[in-house]
Amino acid sequence: MSDSAQRALDTLIDDFHAQERIRVWSLVITIFGDAINPRGGELWLGSLQELMDRIRIEPSAVRAAMSRLTADGWLTRIKHGRKSYYRLADAGLAEFADATRAIYAPRRHTWSGKWSIIVLNGRAGDEREARRRELRAAGFGALAPNILLRPESLEDTDTLSKGPDEIVFQSNLDKQSDATKLIKHGWMLSDLEGLSAELVSKFSMLYEALRESGPLDPVSAMAARSLVIHDFRRLALRVPHLPAELLPESWTGDEARALVASVYRVLAGPSEQWLDGCLDSHDARIPAPEFSIARRFEL
């Protein structure tokens, strides 16, 4: 590994540890959703700890995270002899399935001109907040605590689920209305400009180092890939695939997405080499993914 690539990776790791609260459990979900689930879903705890060692996360923190995730129904533990293997449970699969489209899918280009609007009647407290998170993951922005909306694309094929006591309807804006102002308010884009710029700065350093010095060694590439997707997930889930014509000209989220895709393609090969050596609960190599990881942001 070159000094420049190592320094760039160490910066990512430093930034992870500099967070006010280090959520190891959340990083574990990212790793399983991004890398393990496409390859059969199972991973030996020893392999996970090897990766976490590269990110400077202590075994005690990993064990605590795995215990919490298992107790909360996010992971399923499989015990073979003295070895423990894990896979995403239904809750974990659902969590990352919601994130997959927002993180990896190309932007939708054709806005239909219509808006879907949901009024959350009859919901309050934690129940309403859970429904808001669900709708946010499905691409909705919030005009008010109980009013969410989404611009509909001609390419959309998903059906909109309606909860009890909710009001759902479609509408068009008056021709004099400014849709970009609605987007700025509903998705709080101004609050995300700083995050987008931060990611561009951080990932540019890594990308340039990789271009100059070549790929990282396999476990380091897997560590970098995990941290890049973990960081980018925060942005992607808050601004999921809005049609380009509705975004302000100054929006830097597209630059961040394009840069993440470029970094991911460079890291895909060596990180998959590390995964090729991991075992499942049958002491067999975990299977290869059914699609090209390097082309993931294009599919």
Side-chain angles (χ1 to χ4, degrees), residues 9 12-104 125-138 195 219-220 222-238 240 271 274-275 277-283 286:
L9 174 55
L12 291 183
I13 296 171
D14 290 341
D15 288 345
F16 177 80
H17 285 279
Q19 296 176 81
E20 185 175 345
R21 292 182 61 191
I22 300 176
R23 295 178 172 86
V24 176
W25 63 269
S26 183
L27 179 60
V28 169
I29 292 295
T30 297
I31 292 167
F32 271 80
D34 173 66
I36 309 305
N37 201 48
R39 302 186 62 132
E42 286 185 8
L43 185 67
W44 175 42
L45 180 59
S47 296
L48 178 63
Q49 186 58 58
E50 179 187 359
L51 175 58
M52 291 300 201
D53 284 344
R54 185 65 190 87
I55 307 175
R56 304 200 301 264
I57 298 176
E58 297 291 333
S60 58
V62 176
R63 288 194 299 270
M66 303 307 277
S67 177
R68 172 183 175 178
L69 288 167
T70 303
D72 291 346
W74 294 90
L75 292 177
T76 298
R77 182 188 182 199
I78 304 162
K79 186 78 171 174
H80 275 200
R82 299 180 64 183
K83 289 185 175 181
S84 293
Y85 301 80
Y86 291 87
R87 64 183 306 119
L88 287 176
D90 289 345
L93 287 169
E95 171 76 7
F96 212 83
D98 287 341
T100 295
R101 179 179 175 185
I103 294 172
Y104 307 109
D126 291 343
E127 183 184 6
R128 185 171 68 181
E129 188 55 36
R131 179 58 170 160
R132 281 168 55 89
R133 287 196 301 270
E134 180 184 356
L135 291 171
R136 284 280 195 183
L195 176 58
V219 70
S220 296
M222 189 67 241
R225 170 179 160 182
S226 300
L227 291 172
V228 165
I229 291 298
H230 192 61
D231 268 1
F232 180 62
R233 188 174 76 169
R234 288 185 299 153
L235 177 64
L237 291 182
R238 293 174 68 180
S271 64
W274 180 78
L275 290 163
C278 295
L279 301 177
D280 64 17
S281 59
H282 303 287
D283 281 333
I286 60 176

Can D14 and R56 be counted as an ion pair, charged N to O under 4.0 angstrom? yes
Under 4.5 Å between any side-chain heavy atoms of D283 and H80, yes or no? no
Side chains of H230 and D34: does their closest heavy-atom pair fall under 4.5 Å? no
Heavy atoms, side chains only, cut-off 4.5 Å: are C278 and R39 in contact? no
Minimal non-hydrogen separation, Q49 against I57, with atom names: NE2-O, 3.2 Å
Are the side chains of Y104 and I229 in touch, meaning some heavy atoms are under 4.5 Å apart? yes
Taking side chain as C-beta onward, heavy atoms only, is I286 less than 4.5 Å from L279? no
With a 4.5 Å limit on heavy-atom distance, are the side chains of F232 and T30 in contact? no
Heavy-atom side-chain contact between F32 and Y86 under 4.5 Å: yes
Picking from D280, L275, L88, what satisfies side chain to side chain contact (heavy atoms under 4.5 Å, CB included) with I36? L275
Salt bridge (charged side-chain N to carboxylate O under 4.0 Å, His left out) contacts touching residues 59-79 (sequence neighbours left out): R68-D72
Could you tell me whether D126 atom CG has more than 12 heavy atoms of other residues or ligands within 6.0 Å of it? no
Would D231 and D15 count as a side chain to side chain contact (heavy atoms under 4.5 Å, CB included) if you check the C-alpha gap in whole Å, the side-chain angles of each, and the deciding distance to 0.1 Å? CA-CA 10 Å; D231 268 1; D15 288 345; 5.7 Å; no
Within the 4.5 Å heavy-atom criterion, are L27 and I55 side-chain neighbours or not? yes
For E42 and S281, the nearest pair of non-hydrogen atoms, with its separation, is OE1-OG, 2.6 Å
For the pair M52 and V24, evaluate side chain to side chain contact (heavy atoms under 4.5 Å, CB included) and give the outcome as yes or no after the intermediate values. CA-CA 9 Å; M52 291 300 201; V24 176; 4.1 Å; yes
